Number of protein chains: 2
Amino acid sequence: MTDSKESRGPRAKAAGKRRQLTAAAARVLHEQGVERTTIADIARAAEVPAGNVYYYFKTKDELVEAALSEHASHLETLTGRLDQLADPRERLKGLVDAWVSQRDTAARYGCPMGTLASELDKRAEGGLDLTAGRVIRQLLEWVEAQYRQIGVADPEGHALALVGAYQGMSLLSNALRDPEVMAREGARLTRELDSLGC
Amino acid sequence: MTDSKESRGPRAKAAGKRRQLTAAAARVLHEQGVERTTIADIARAAEVPAGNVYYYFKTKDELVEAALSEHASHLETLTGRLDQLADPRERLKGLVDAWVSQRDTAARYGCPMGTLASELDKRAEGGLDLTAGRVIRQLLEWVEAQYRQIGVADPEGHALALVGAYQGMSLLSNALRDPEVMAREGARLTRELDSLGC
DNA sequence: GTCTATACCGTGATAGAC
DNA sequence: GTCTATCACGGTATAGAC
């Protein structure tokens, strides 16, 4: 944790496997769901010896948390790239475009964060939460900031509506197994962004 | 199946337990999720002897299917009641009101159909689907019919947007553990319905 | 026709070999 | 420091008792 991952020797190998495992966890947990995914599934996907996983993650929950961080960092990368656009309205349209470009995955497995959120919510049994709500809140706040810069009234409400629309269209697209749902809804959202404050 | 449920004698008792079990299944599967729920959980909730469940349902999937039908019939009851309103616009506003009135449950466990849909989707492994998509499609079609009666352009698109907004706000409300999200979004949807075609 | 004891399997986790 | 043989538990489903 404290030292660089690419030092050399066995440490590098270990860090490599850990990264492989987190990446595989993010992918497989999304595709199969948390409860249906076994440690062995993740190990296989990461091409790591099966029982060996517990050396890197002491528990299954730790793997889930790692996957969550993975999604959070993907989100940060995306918003970071969008932040380089000058116009906040264009940034939001870019966000919608990014969502729509993932429509095939969404139709097959749903929104990565959304499906994780509902599953983890039912996992929290009094114990401490692996709250995916944190990541969603992060997204909401970024979107809200864009609306605020545009100067619209009730930026928080607008953010809820936009992110909610994303979650909704992902779920519908998944339930109906039809990526076109994402495309149609995405087009509508873009239109609404264009005609904002007219 | 062929004879009335309230005949008399042991048959009545059996039918009663079957109904108790489906009702309990619908409730518990929604609260805990399909994968985390054991047959024993449902038996306990239905106050039916544990191992005994298999007499009424040969497999867990049959219980899930029963729960699905339960939700479908709830939906039919609701739309049936709304159909008695004269104005299709009022019918849609009534639908939104019904959603918002369930906000506390949604904040705790998500939308019953929505969460089931994402879980069942990941359960379908090549085998035949316990597709919750059917129920959602049913809702979509009813909503679409209302928009068509109102005479708006692209009623299908409007239906997708409305039902999608519902699913989205349920998920966000659940992830953030905040029923107010439902109230705010519901108000927005009602406002949009009022100013439709102006 | 209704219910219960039990088989059997897959899972997460660990003690200890390399 | 890295990995594997093994355990104990809890789940679904069934054979057969009432």
Side-chain angles (χ1 to χ4, degrees), chain A residues 1-22 24-25 28-29 32-67 119-120 122-125 127 130, chain B residues 1-22 24-25 28-29 32-67 119-120 122-125 127 130:
Chain A
M1 273 224 189
T2 55
D3 50 6
S4 148
K5 325 156 192 169
E6 294 302 339
S7 31
R8 71 214 171 278
R11 307 282 298 199
K13 200 174 170 189
K17 289 202 177 179
R18 197 174 206 283
R19 272 207 314 277
Q20 274 177 272
L21 279 169
T22 56
V28 178
L29 288 176
Q32 307 193 346
V34 177
E35 302 296 338
R36 285 192 75 78
T37 299
T38 71
I39 305 278
D41 289 336
I42 296 175
R44 194 176 330 114
E47 300 186 81
V48 163
N52 179 12
V53 175
Y54 282 91
Y55 175 66
Y56 300 97
F57 298 92
K58 272 183 274 300
T59 173
K60 187 179 179 178
D61 280 356
E62 278 188 24
L63 266 169
V64 176
E65 209 157 3
E119 269 200 286
L120 292 188
K122 297 188 173 175
R123 214 147 205 268
E125 252 176 39
L130 304 172
Chain B
M1 272 229 191
T2 55
D3 50 7
S4 146
K5 324 158 192 172
E6 293 301 342
S7 31
R8 70 212 172 279
R11 308 281 297 198
K13 201 173 168 190
K17 288 201 178 181
R18 198 174 206 284
R19 271 207 314 280
Q20 275 177 273
L21 279 168
T22 56
V28 179
L29 288 175
Q32 305 193 346
V34 177
E35 302 295 340
R36 287 192 73 79
T37 298
T38 73
I39 306 277
D41 289 337
I42 296 175
R44 196 176 328 116
E47 300 187 77
V48 163
N52 181 13
V53 175
Y54 281 91
Y55 174 64
Y56 300 96
F57 297 93
K58 272 183 275 299
T59 171
K60 186 179 179 179
D61 280 356
E62 278 189 24
L63 266 169
V64 175
E65 210 157 2
E119 268 199 287
L120 292 188
K122 297 188 174 176
R123 215 146 204 270
E125 253 175 39
L130 304 172

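Note that this is a predicted model, so its numbers are computed, not measured. Lettering follows sequence order; numbering is per chain, from 1.
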Whole-Å distance separating the CG atom of Leu21(A) from the P atom of dC3(D): 10 Å
Between C1' of dG10(C) and CG of Asp41(A), the distance in whole Å: 11 Å
Nearest-neighbour nucleotide for the Ile39(B) side chain, dC3(C), dT4(D), dT12(D) considered: dT12(D)
Residue-phosphate contact under 4.0 Å: Thr38(A) side-chain N/O, dG10(C) OP1/OP2: no
Minimum heavy-atom distance between Ala67(A) and Ala25(A), given as atom pair plus value: CB-C, 4.1 Å
side-chain N/O Thr59(A) vs dG12(C) OP1/OP2, d < 4.0 Å: no
Val53(B) and Leu63(B), any side-chain heavy atoms less than 4.5 Å apart: yes
Phosphate contact (dG11(D) OP1 or OP2) by Lys60(B) side-chain N/O below 4.0 Å: no
Euclidean distance, atom CZ of residue Phe57(B) to atom C1' of dC3(C) [Å, nearest integer]: 16 Å
d(NZ, Lys17(B); C1', dG1(C)) in whole Å: 12 Å
Main-chain N/O of Asp41(A) paired with Thr38(A) side-chain donor or acceptor, under 3.5 Å: yes
Nearest-Å distance for atom pair CD1/C1', residues Ile42(A) and dG12(C): 12 Å
Aromatic Tyr55(B) / basic Arg18(B) pairing, under 6.0 angstrom, 45° off normal: no
N/O (side chain, Tyr54(B)) to phosphate O (OP1/OP2, dT14(D)) under 4.0 Å: no
Rounded interatomic separation in angstrom, taking CG from Asn52(A) and C1' from dA15(C): 15 Å
Residue-phosphate contact under 4.0 Å: Tyr55(A) side-chain N/O, dC3(D) OP1/OP2: no
Nearest-Å distance for atom pair CD/C1', residues Gln20(A) and dC3(D): 15 Å
Atom of Lys60(B), atom of Glu35(B) and distance for their closest heavy-atom approach: NZ-O, 4.1 Å
Glu35(B) CD - dT11(C) P separation (whole Å): 12 Å
OP1 or OP2 of dG12(C) under 4.0 Å from side-chain N/O of Lys58(A): no
